[in-house]
Amino acid sequence: VTELRFNELRGEQVDYAIHRQERTFLPSREHCPLDPTLPGRPPTEIPFPSFEIAVFENRFPAFTPPHGAAEVVVYTPDHEGSFATLTPRRAEDLMWVWRHRYLELGARADVDYVFIFENRGVEVGVTLHHPHGQIYGYPFIPPVPMLELAADERLGGCAPCSLLADELRDGRRIVYESPALVAYVPFAARWAYEVHLVMREHRPSLAACEPQELGELAAALQTLVRGYDALFDRPFPYVMAVHQAPTAGWSPATAEGRGELGAGHLHAEFYPPLRTADKLKYLAGSEQGAGAFISDTLPEESAAVLRETIVRAG
Amino acid sequence: MARKRTAPGASGHDAGEDSEDRPDQDAEKHEPFGPLAVERHVKDDGRALILYTDCEGGP
């Protein structure tokens with residue numbers, strides 16, 4: 001059972017899911033719950049000896065129907081590896097899985113915002129190492145997407161479209177480009193190696209993308225993660241957040257992939273906590289108490305290093 | 001949307017039995033979505049499980 005409480009002082013919802021205290025925490029290799037269930041081995045969350053991509057309702061959910069959803073997305077039956085080591089085809093299939101979940105969860109009356117994300121590395125609180133991500137279906141529009149909608153208002157149109165145009169004009173912070181996508185360290189990045197991967201065309205969500213754009217999105221995400229891993233020659237921890245149009249107020253036609261998807265611009269944001277190979281950026285007094293980020297690095301310099309590393313990593 | 005089917009539970013599942021071998025699950029088994037086949041299950045504890053399989057190019 002989960003409970004939402006509104007924090008008046010901060011103007012935000014806080015989700016209480018106290019059963020999550022008991023969730024599986026860094027199990028031994030032989031007890032990974034995201035492996036297939038193999039003969040003679042302990043049963044896992046996926047009771048089949050083989051699969052390609054699996055999605056299931058989280059055993060320790062932050063949100064439950066009829067007040068939202070929490071799902072786990074297992075990228076591969078292989079315990080080792082990462083998003084970057086998936087075959088290109090599997091990575092592209094994953095984009096279709098994300099699209100499927102976006103449409104299906106978004107159609108639910110109790111889901112106002114579908115949030116696809118991946119936490120990678122113990123530095124950001126990962127409790128299972130098997131390559132996987134998560135999806136939350138929030139019963140409200142969370143603060144960060146609300147801020148993006150407010151930015152649309154402030155800029156008089158789609159904020160990601162406007163910011164992408166600024167970044168392309170400047171050029172110094174761009175780290176990757178393909179026909180359909182651009183990745184850059186934002187002008188006012190919070191994290192040393194923060195990257196935003198943005199669709200060139202205005203696409204509110206995965207549901208609005210052409211098939212080849214989904215393929216390019218998968219390739220771009222894999223290229224970025226390979227670059228991150230090469231940066232300090234170690235698996236690079238990050239939070240990856242996929243931002244799309246809210247699904248509040250969808251019509252049945254929208255849920256079927258037709259009609260207006262609403263305000264939003266599909267992009268993925270990476271928040272890596274490392275500022276050097278062995279130093280983490282902590283959210284301390286200014287960040288937590290005042291809400292003001294203080295960065296030790298300049299986005300232009302980080303972008304130059306990351307751009308070169310991405311090329312080197314291939 | 002395909003009707004939901006009950007998957008073998010983790011506790012009682014014969015791990016040697018592949019899902020392809022269960023004839024009662026063949027009807028309405030795959031729901032197409034882009035290049036994927038979508039296969040829905042319900043775990044023993046009632047949670048949904050969806051398996052996605054590439055129908056076009058393989059992994």
Side-chain angles (χ1 to χ4, degrees), chain A residues 33 35-61 64-65 69-78 86-101 103-105 107 206-207 209-211 214-215 255-257, chain B:
Chain A
D35 279 355
T37 297
L38 297 176
R41 298 286 297 275
T44 73
E45 286 279 22
I46 303 150
F48 296 99
S50 65
F51 66 89
E52 292 183 7
I53 298 174
V55 173
F56 59 85
E57 289 180 300
N58 200 319
R59 186 179 164 203
F60 304 97
T64 52
E71 297 184 339
V72 177
V73 183
V74 186
Y75 300 164
T76 166
D78 299 326
L86 300 175
T87 64
R89 183 77 195 190
R90 180 64 54 81
E92 185 172 345
D93 285 348
L94 183 59
M95 303 301 102
W96 283 93
V97 170
W98 286 356
R99 173 164 156 155
H100 185 254
R101 301 318 302 144
L103 283 168
E104 191 157 289
L105 292 173
L206 290 155
C209 289
E210 298 295 333
L214 294 181
E256 291 168 8
Chain B
M1 182 180 295
R3 115 188 113 83
K4 290 192 174 182
R5 294 172 291 104
T6 303
S11 56
H13 176 48
D14 174 1
E17 179 190 33
D18 189 274
S19 60
E20 298 297 321
D21 299 332
R22 287 188 293 279
D24 62 323
Q25 297 187 351
D26 284 342
E28 297 181 302
K29 183 164 191 169
H30 295 120
E31 172 190 336
F33 187 79
L36 305 177
V38 182
E39 188 181 329
R40 297 177 188 276
H41 303 270
V42 179
K43 291 159 67 74
D44 266 1
D45 59 7
R47 286 183 291 140
L49 165 68
I50 310 174
L51 301 182
Y52 295 89
T53 305
D54 190 305
C55 295
E56 294 181 356

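In what follows, every heavy atom counts, from backbone to side chain, and hydrogens, waters and symmetry copies are set aside. First the proteins, then the strands, lettered A, B, ... as listed; each starts at 1.
- Ranked by heavy-atom pairs under 4.5 Å with chain B, the first of Thr76(A), Val97(A), Val72(A), Leu214(A) is Val97(A).
- Residues Asp54(B) and Glu52(A) meet the side-chain proximity criterion, which asks for heavy atoms closer than 4.5 Å.
- Ion pairing between a basic and an acidic side chain is recognised when a charged N comes within 4.0 Å of a carboxylate O; Glu45(A) and Arg47(B) show such pairing.
- For the pair Glu31(B) and His100(A), the minimum side-chain heavy-atom distance is below 4.5 Å.
- Using a 4.5 Å cut-off between heavy atoms, Ile50(B) contacts chain A through both its backbone and its side chain.
- In this structure, Arg101(A) and Tyr52(B) have side chains that are in contact, with non-hydrogen atoms separated by less than 4.5 Å.
- In this structure, Trp96(A) and Phe33(B) have perpendicular ring planes: the angle between them is above 60°, well past the 30° mark.
- When side chains are defined from C-beta on, Leu49(B) counts as touching Pro47(A), because their heavy atoms get closer than 4.5 Å.
- Considering all non-hydrogen atoms of both residues, Ala48(B) and Glu57(A) come closest at N-OE1, 2.7 Å.
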